[in-house]
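Labels below follow one simple rule: chain letters A, B, ... track the order of the sequence lines, proteins then strands, and each chain is numbered from 1.
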Number of protein chains: 2
Amino acid sequence: MTDRAPAALTDTSDAAPRRSDATRAGILAAARERFAADGYERATIRAIAKDARIDPSMVMRYYGSKEGLFAAATSVDLRMPDFTRVPREEVGRLLVTHFLDVWEDAGQLTALLRVGITNQAGAERMREIFAQQLLPVARGVCPDPAQAPTRAALCAAQVLGLALTRYVLRFPPSAELTGEEITDWLAPTLQRYLTADRP
Amino acid sequence: MTDRAPAALTDTSDAAPRRSDATRAGILAAARERFAADGYERATIRAIAKDARIDPSMVMRYYGSKEGLFAAATSVDLRMPDFTRVPREEVGRLLVTHFLDVWEDAGQLTALLRVGITNQAGAERMREIFAQQLLPVARGVCPDPAQAPTRAALCAAQVLGLALTRYVLRFPPSAELTGEEITDWLAPTLQRYLTADRP
DNA sequence: TAGCGTTGCCAACAAGCGTTGACCAACAGA
DNA sequence: TCTGTTGGTCAACGCTTGTTGGCAACGCTA
């Protein structure tokens, strides 16, 4: 009866470390993998628990519900650099390389993309990330701030489309491209979406 | 014991019309809507049957299984025009407008996109459509046919990314753009992906 | 050593799923 | 009018799901 609050959503060193921290982290890692591989519905709590070598009821105890676990597993920080300190003609290229970096290094974004498409809460989460992390970049870079939403949306479409075909649908040509090829092709597109005066 | 074959997947006037054709069509329409709205797992046969005001067992009788129903509901023809008859500098613009047309008029593509992301069979279906319908266009238009897969994949990424943000995730700026705005922004991108000599 | 909160497992629950087979009503051809 | 086919409903099946509560072992503090 002591811990009514089910989930410690902020895992960044807040209070005393618990003995179960390793278990919690294991569940979270397994959840991210499963969500990324299977989407929200097919990623069952039982499967996640099995991956983490733990009983399903532990998942419930630590994260309250499947929704809670999902929320904890898909808290994403795009780690956006400060684009205002970059030469204007290089923002497109930097945006592509940065996204490729972030996407390759963790399965969280693939998980989020997969879930955002089946699950209402997932879609809402993606809109939040878009508004809080990509939109400010466009606002700081594009010529007329009033156009920032449009320009950011165009960039999001291009970047998410690449991620979709490359990491989720696995279209062979898209999956086989090297990072450099992708950068060379997409950088001018994003550059134009962000900084061109008119379409 | 007469009709072992459960589904008439080709509905285009092959044999004598049956009394149940309306029911079949109703099921298919309801299935497309549900698949588009909910994705593969959440679109239950029971819900589809309810929408079509029919018993769930009828769905099984006419389409064999949920997989069969899905296959019938997402047979997509992109109706690609003959791009070789179009002035070379207009293929980008035509490609955008054509895709917007196809996407707006039927929910099938949204259904396919949603399902292609959670379901293995759905992803396979999308790769087929890509290879059979978009790839030939690139092959006929781009300068070096060996680059056609890459160029087609880039176009697919841009188009699908737009569809994703506009129809599925519903990013407000993307969903609110007019067809003309989208065309103006995306046409040069696709034009470059298809016809530019180098990135 | 006793007490207590924490960590974990086990067994079960109710609900929902795809799927099946028995059964009835309407129709068409003889 | 009889008979076989077709269109459709109903009730149930076996299974999986998220979720819950009880219970045993551990580790700390007094």
Earlier contact from the 5' end, DNA chain D, for B/Arg53 and A/Arg42: B/Arg53
Whole angstrom value for the distance that separates P of C/dC17 from CD1 of B/Ile48: 11 Å
Ignoring the backbone of A/Ile45, work out which of D/dG7, C/dG18, D/dT19 is nearest its side chain. D/dT19
With B/Glu176, which residues qualify under side chain to side chain contact (heavy atoms under 4.5 Å, CB included), at least two apart? B/Pro172
B/Arg151 side-chain N/O to B/Leu194 backbone N/O, donor-acceptor pair under 3.5 Å: yes
Rounded distance in Å - CG (B/Asp21) to C1' (D/dG7): 12 Å
How would nucleotides 10-16 of chain C be written as a contact map, 5' to 3', with B for base contact, S for sugar-phosphate-only contact and - for no contact, using protein heavy atoms under 4.0 Å? B-B----
Who are the ring-ring contact (aromatic ring centres under 6.0 Å, His included) partners of B/Phe35, not counting sequence neighbours? B/Tyr40, B/Phe70
Length of the CD-C1' vector between A/Glu67 and D/dT19, whole Å: 14 Å
Test side chain to side chain contact (heavy atoms under 4.5 Å, CB included) applied to B/Val96 - qualifying residues, sequence neighbours left out: B/Leu100, B/Ile182, B/Thr183, B/Leu186, B/Ala187, B/Leu190
What string of B, S and - do you get for nucleotides 24-30 of chain C, 5' to 3', if B is base contact, S is sugar-phosphate-only contact and - is no contact with any protein heavy atom under 4.0 Å? -------
What's the CZ-P distance between B/Arg34 and C/dG18, to the nearest Å? 12 Å
Which residues pass the ring-ring contact (aromatic ring centres under 6.0 Å, His included) test with A/Phe83, not counting sequence neighbours? none
Set of residues satisfying side-chain hydrogen bond (donor to acceptor under 3.5 Å, both in side chains) with respect to B/Gln191, sequence neighbours excluded: B/Thr195
For B/Glu124, look at atom CD and say whether over 12 heavy atoms of other residues, nucleotides or ligands are found less than 6.0 Å away. yes
Could you state the OH-P distance from B/Tyr63 to D/dG7, rounded to the nearest angstrom? 12 Å
My understanding is that only residues two or more places apart in sequence, or in another chain, count here; which of them pass salt bridge (charged side-chain N to carboxylate O under 4.0 Å, His left out) with B/Arg93? B/Asp184
Toward the 5' end of DNA chain C, which comes first, A/Ser20 or B/Glu41, by nearest nucleotide? A/Ser20
Is the shortest side-chain N/O distance from A/Thr23 to OP1 or OP2 of C/dT7 below 4.0 Å? no
If I take atom CE in residue B/Met60 and atom C1' in nucleotide D/dG7, what distance separates them, rounded to the nearest angstrom? 17 Å
Tell me the interatomic distance from A/Met58, atom CE, to D/dC23, atom C1', rounded to whole angstroms. 14 Å
Restricting to salt bridge (charged side-chain N to carboxylate O under 4.0 Å, His left out), what partner residues turn up for B/Asp51, sequence neighbours left out? B/Arg34
Euclidean distance, atom CD1 of residue B/Ile54 to atom P of D/dG7 [Å, nearest integer]: 11 Å
